[in-house]
Amino acid sequence: MTDGPKAGTSGGRDGTSGIGPARARAIAVGIFGLAVAIQGVSNASSAVTDRLRDGLAAWEPWCWELTSIAALLVLAPLVWRAVKLFRPPRLGWPAAVAAHAALTVPFSLAHSGLMIALRTPIYAFMGARYVFNDGSGHGLLYEYRKDVATYVEFALAFALIQWIVARAGQAGRARPPEEAALLVPDGAVTHRIPLHEIDQVAAAGNYVELAWRGRVLLHRATLAALEAELGAHGFVRIHRSRLVRRAAIRRIETRQSGDFELELANGARVKGSRRYRAGL
């Protein structure tokens with residue numbers, strides 16, 4: 001039995017575990033959008049109650065709030081981008097604040113324009129006429145006062161989300177990969193053996209013998225199968241019945257016949273066949 005994404009080893013899946021940056025961003029943005037929608041529905045519900053009490057049409061508050069929410073959700077990605085572009089350390093704090101203050105004007109104009117575009121046909125369908133501005137400019141000023149607060153809320157929320165996402169990315173990059181290992185059942189116990197602790201592997205019928213920490217463990221696998229699994233981790237065949245970890249080799253003594261003998265870092269000496277000498 002092996003442990004990990006590839007046969008014979010254990011390692012990170014997609015580099016990290018847990019919540020990665022993309023998932024953290026998606027979750028945070030989803031929560032933000034849901035919060036905006038809930039606030040709009042709550043505002044509309046309160047306005048509807050007031051209008052029904054006064055004997056006025058109840059559909060208008062829903063129209064106002066839902067079109068406003070739709071317009072804000074269209075503009076939200078632009079605010080997200082603005083926060084990424086105009087923030088410390090890209091800009092100093094005074095310059096960043098000035099940039100976002102200036103952006104509140106086009107933000108409010110775009111918000112008002114989108115609301116007008118959405119509300120006009122809805123009012124026409126309901127047999128009414130939508131009037132946004134009475135000619136005095138009070139409509140734009142009224143919306144701008146609200147939109148400044150909305151822009152600040154969006155910008156602060158997006159700055160926090162981006163900070164969380166960046167931290168998630170840093171945590172993922174800082175997390176070291178899992179150590180490559182082999183899972184070896186031994187009765188009721190399963191050993192997780194780091195590959196760098198295995199010095200040699202010898203064939204033993206339908207099993208292989210693993211030299212590990214001064215002991216020998218039997219593992220049900222063929223030498224050929226284990227060679228295919230461990231070849232990418234520095235194990236080489238030195239004999240038809242033996243593999244060694246290349247990094248564990250301390251010295252090679254070659255005989256006149258072409259056969260050779262290896263001295264391993266743990267002091268063990270093992271014989272190799274000239275047939276496999278080139279692999280070293």
Contact between [X] and [Y] at the side-chain level, heavy atoms closer than 4.5 Å - yes or no?
| X | Y | value |
| --- | --- | --- |
| Val201 | Arg242 | no |
| Ile161 | Val83 | no |
| Thr190 | Asp186 | no |
| Ile193 | Leu217 | yes |
| Ile238 | Val270 | yes |
| Leu226 | Thr222 | no |
| Leu182 | His219 | yes |
| Val244 | Val236 | yes |

In this structure, are over 12 heavy atoms from other groups packed under 6.0 Å from Arg81 atom CZ?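 Incorrect, the count does not exceed 12.
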
Pairs meeting criterion side chain to side chain donor-acceptor pair (under 3.5 Å) with involvement of [range], two or more places apart:
| range | answer |
| --- | --- |
| residues 271-280 | none |
| residues 103-113 | Ser68-His111, Thr104-Tyr144, Ser108-Asp147, His111-Asp147 |
| residues 84-98 | Arg87-Gln162 |

Is it possible for you to say whether [X] and [Y] belong to one hydrophobic cluster, with membership spreading through side-chain heavy-atom contacts below 4.5 Å?
| X | Y | result |
| --- | --- | --- |
| Trp59 | Met115 | no |
| Leu118 | Tyr142 | no |
| Trp62 | Leu72 | yes |

Check this for me, if you would: do Asp199 and Arg213 make a salt bridge, where the nitrogen-to-carboxylate-oxygen distance has to be below 4.0 angstrom?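 Looking at Arg213 together with Asp199, the answer is no, because their closest N to O distance does not fall below 4.0 Å.
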
Supply the atom-to-atom distance [X] [atom1] to [Y] [atom2], rounded to the nearest 0.5 angstrom.
| X | Y | atom1 | atom2 | result |
| --- | --- | --- | --- | --- |
| Leu264 | Leu262 | CG | CG | 6.5 Å |
| Thr150 | Arg145 | OG1 | CZ | 13.0 Å |
| Leu109 | Leu140 | CG | CG | 6.5 Å |
| Leu103 | Leu85 | CG | CG | 9.5 Å |
| Asn266 | Glu197 | CG | CD | 12.0 Å |
| Arg250 | Arg269 | CZ | CZ | 10.0 Å |

Could you please spell out the steps behind the ring-ring contact (aromatic ring centres under 6.0 Å, His included) verdict for Tyr130 and Trp64? CA-CA 11 Å; Tyr130 178 66; Trp64 301 334; 8.4 Å; no

List for me each residue that meets side chain to side chain donor-acceptor pair (under 3.5 Å) alongside [X], sequence neighbours excluded, and say none if there are none.
| X | value |
| --- | --- |
| Thr67 | Arg119 |
| Glu153 | none |
| Arg251 | Glu253, Glu263 |
| Ser241 | His239 |

From CA spacing to verdict: side-chain contact (heavy atoms from CB on, under 4.5 Å), Val216, Leu210: CA-CA 5 Å; Val216 175; Leu210 305 173; over 6 Å; no

If you compare all heavy atoms of [X] against all heavy atoms of [Y], which two are closest, and at what distance to 0.1 Å?
| X | Y | answer |
| --- | --- | --- |
| Phe260 | Thr254 | CB-CA, 4.0 Å |
| Val208 | Ala221 | CG1-O, 3.3 Å |
| Cys63 | Ile122 | SG-CG2, 3.8 Å |
| Ala96 | Pro88 | CB-CD, 4.1 Å |

Evaluate the criterion side-chain contact (heavy atoms from CB on, under 4.5 Å) for residue pair Leu160 and Leu156; output intermediate values, then yes/no. CA-CA 6 Å; Leu160 177 61; Leu156 291 176; over 6 Å; no

Contacts of type ring pair (Phe, Tyr, Trp, His ring centres under 6.0 Å), residue [X], not counting sequence neighbours:
| X | result |
| --- | --- |
| Phe158 | Phe32, Trp80, Phe154 |
| His191 | Trp212 |
| Tyr207 | none |

Describe, in one word, how the ring planes of His100 and Phe86 are oriented to each other, choosing from parallel (under 30°), tilted (30 to 60°) and perpendicular (over 60°).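 His100 and Phe86: perpendicular rings.
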
Could you list the residues that satisfy salt bridge (charged side-chain N to carboxylate O under 4.0 Å, His left out) with Arg240, not counting sequence neighbours?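 Partners of Arg240 by the salt bridge (charged side-chain N to carboxylate O under 4.0 Å, His left out) criterion come out as none, since no residue qualifies.
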
Using the side-chain contact (heavy atoms from CB on, under 4.5 Å) rule, take Leu78 and Phe107 through it: C-alpha gap first, then chi angles, then the decisive distance, then the call. CA-CA 9 Å; Leu78 301 179; Phe107 174 81; over 6 Å; no

Assess the residue pair Arg245 and Gln200 against the criterion (side chain to side chain donor-acceptor pair (under 3.5 Å)); give the C-alpha distance rounded to whole Å, side-chain angles, the decisive distance to 0.1 Å, and a yes or no. CA-CA 6 Å; Arg245 181 168 54 87; Gln200 58 175 306; over 6 Å; no

Kindly indicate, with the supporting measurements, whether the criterion side-chain contact (heavy atoms from CB on, under 4.5 Å) is fulfilled by Leu223 and Arg237. CA-CA 9 Å; Leu223 193 69; Arg237 186 186 285 257; 3.5 Å; yes

Ala117: what forms a side-chain contact (heavy atoms from CB on, under 4.5 Å) with it, not counting sequence neighbours?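 Result, side-chain contact (heavy atoms from CB on, under 4.5 Å) vs Ala117: none returned.
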
